[in-house]
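Structure first, commentary second.
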Amino acid sequence: MSRWAERPAGGRPRAERAEIASRPHHGGMTPALLVGLPLAGRDVLVTGGGPAAAAHVAALRQVQARVRVVAPHVCEDLRDLVAEHGATVRLDEREPTPVDLDGVWLVVAADDSARDRSAVQGWAEARRTWCVVSDDPAAAQIHDADGLLDRGEVDLRRPPGTLGSVTLVGGGPGAAELITVAGRRALAEADVIVTDRLGPRSVLAHVRPGVEVIDVGKTPGHHPVPQHEINRILVEQAQLGRRVIRLKGGDPFLLGRGGEEVLACQEAAVPVDVIPGISSAFAVPALAGIPVTQREVVAAVHVTSGHEPLAEAALACVRDASATLVVLMGVGNLGHIVEQLRSAGANPATPVAIVERGSTPAQRLTRATLADVVAVAAEVRVRAPAVIVIGAVAAS
Ligand SMILES: C[S@@+](CC[C@H](N)C(=O)[O-])C[C@H]1O[C@@H](n2cnc3c(N)ncnc32)[C@H](O)[C@@H]1O
C-alpha cells in the first residue's frame, strides 16, 4: 500500500476553486504578480506523490495541461488520476532529477519534504522555468471566470480544437542505445510515432500500448512514402490534437529532410521542435574505428550526398587531401563518385572505407583505394545503407 493510502483525499470541491489564489512567494517576503497561465496542451512537471501533488494534478488537468508526475511514492488519489487520464497524466515512480525539467513549461514542486521541494525549486531557477512550490492541496486553484468547467463545456480527455504537436527525433544510426535520453522520453510520451526505415526501430517494441505507429519507411511495395505525403501525415495527426513523434535515422537535419518537415508544420501553424540525433556520418565511421578527423592527418571533414554530382568543394577536399570526404547514400552511385574524383585529379591511392549497417549486428567494414574500390565493393557485394569515407583516415 502506498505511503499515502490512508490519508484524506486532496483538493477542494470545484465550486470552491473559483479564483486563482494570490499566494505569497518565498515565505511571504516578496509580492508576486497574479497571472493566469494558459497551459492547455503544455507540459507540466509535478514532483511529489501526496495529497498536495494530487490536488495540483487535478487542477492542471482541468486546465488541460499535459502532466508528468515524478515521485517515488504516490497516494491513492494520484494513482486514480493517472488511471483516469491515461496519456495526459503520466507517472514515473522514482526520485525526480534535474533532467525531468527538460522541455516543461511549469514545475509544481509538491514534494512531501521541504528540502525536496526546495531542491526542485533550485533546478527550476537554474533553468529559468517557472516553479510553483506547494505542500498545500488547497493552493491548487484555477481561474475559470467564464464558468466553462461548471457548464461542462470543456472535454478534458480530448479538448475540441486543441492542437497537437510534432517533435522530430533523431534516432541515431540504428542501435537502441544510440538514441538520446530526450529522444527516448519523447517516444514514451507519443500518441503517434511516424517512423523511418533507418534508425532504432527496436525501440518501437517498448512504446506504450495504444500508441499508433505509422511506418513511412516503406509500403508493401517497398516504395518509401513521398515526402509531401509524410509532411501531410505529420500536420494532419497534430491537427487531431495528438503529440506526434517523427522518428528519423541519424540526425533529422543532416541529409534527412527534417528541415522540410519543420517548414510544413510551421506553414500549418503546428507547434514543432527537434531533438537532435547522432548522425551516421560520424557515428558509423567511429563505430568502425575510423576517426573522421585526426590530429596531424586531417583537420576537416566534408559530408555530402551520393545522390547528387559532387560539388567542387567535395572534389577539392580529396584532390588536395585537405579534408575527409564522407558520402551518405553513395552505394548505388559508387562508380560515378569515383569517376568524378579521378577526373578531378584525386590520387588513385587515396584510401576508401565503406561501413555498412553501422551499429547493427551486421555491421561490416570494407577497405580499398580509389583505384580498386568499385571492384572490391562489387566483389564483396556492398549494400546500402553504408557510409563511404574517403581520405587518409580511411587507411587501416
Ligand atoms: C537519408 S540519409 C539520412 C542520414 C541521417 N539523417 C543521419 O544523420 O545519419 C540515409 C543514409 O545515411 C547512411 N546511414 C544511415 N544509417 C546508417 C547505418 N546504420 N549504417 C550505415 N549507413 C547509414 C547511409 O548512407 C544512408 O543511405
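Residue numbers start at 1 and run along the sequence shown. Keep in mind the model is a prediction, meaning the values are calculated, not measured. Ligands are counted one by one from 1 in listed order, and the atoms in each one are counted from 1 as well.
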Check: Does R357 approach ligand 1 within less than 4.0 angstrom via side chain, backbone, both or neither, non-hydrogen atoms only?
Finding: backbone
Next item on the list: Please state which part of L198 comes within less than 4.0 Å of ligand 1, counting heavy atoms only: side chain, backbone, both or neither.
Entry: side chain
Salt-bridge present ([X], [Y]; N to O < 4.0 Å):
| X | Y | answer |
| --- | --- | --- |
| R185 | D100 | yes |
| R246 | D196 | yes |
| R319 | E312 | yes |

Margin query: Under the rule for side-chain hydrogen bond (donor to acceptor under 3.5 Å, both in side chains), what residues qualify as partners of S343, not counting sequence neighbours?
Written below: none
Check: D251: what forms a side-chain hydrogen bond (donor to acceptor under 3.5 Å, both in side chains) with it, not counting sequence neighbours?
Finding: none
Counting each atom of ligand 1 from 1 as listed, which ones have a heavy atom of [X] under 4.0 Å away?
| X | result |
| --- | --- |
| G249 | 5 (C), 6 (N), 7 (C) |
| G358 | 18 (C), 19 (N), 20 (N), 21 (C) |
| V355 | 21 (C) |
| L255 | 1 (C), 2 (S), 3 (C) |
| S279 | 7 (C), 8 (O), 9 (O) |

Check: How close does the nearest protein non-hydrogen atom get to atom 21 (C) of ligand 1, and which residue and atom is it?
Finding: P385 O, 3.5 Å
Sub-3.5 Å N/O-N/O distance, [X] and ligand 1:
| X | result |
| --- | --- |
| D251 | yes |
| M329 | yes |
| L254 | yes |
| A386 | yes |

Margin query: Check whether Q121 reaches the backbone of R117 with its side chain - one donor and one acceptor, N or O, closer than 3.5 Å.
Written below: no
Check: Counting distance only, does the side-chain N/O of S359 pair as donor-acceptor with the main-chain N or O of A175 below 3.5 Å?
Finding: yes
Notebook entry, point to check: What's the spacing between E339 CD and L370 CG if we round to 0.5 Å?
Noted result: 12.0 Å
Check: Just how far is it from atom CG of L204 to atom OG1 of T195, taken to the nearest 0.5 Å?
Finding: 5.0 Å
Notebook entry, point to check: With respect to atom 7 (C) of ligand 1, which of G277, A175, G250 exhibits the smallest heavy-atom separation?
Noted result: G250
Next item on the list: Would you indicate which of G258, G170, S280 comes nearest to atom 17 (C) of ligand 1 when only heavy atoms are counted?
Entry: S280
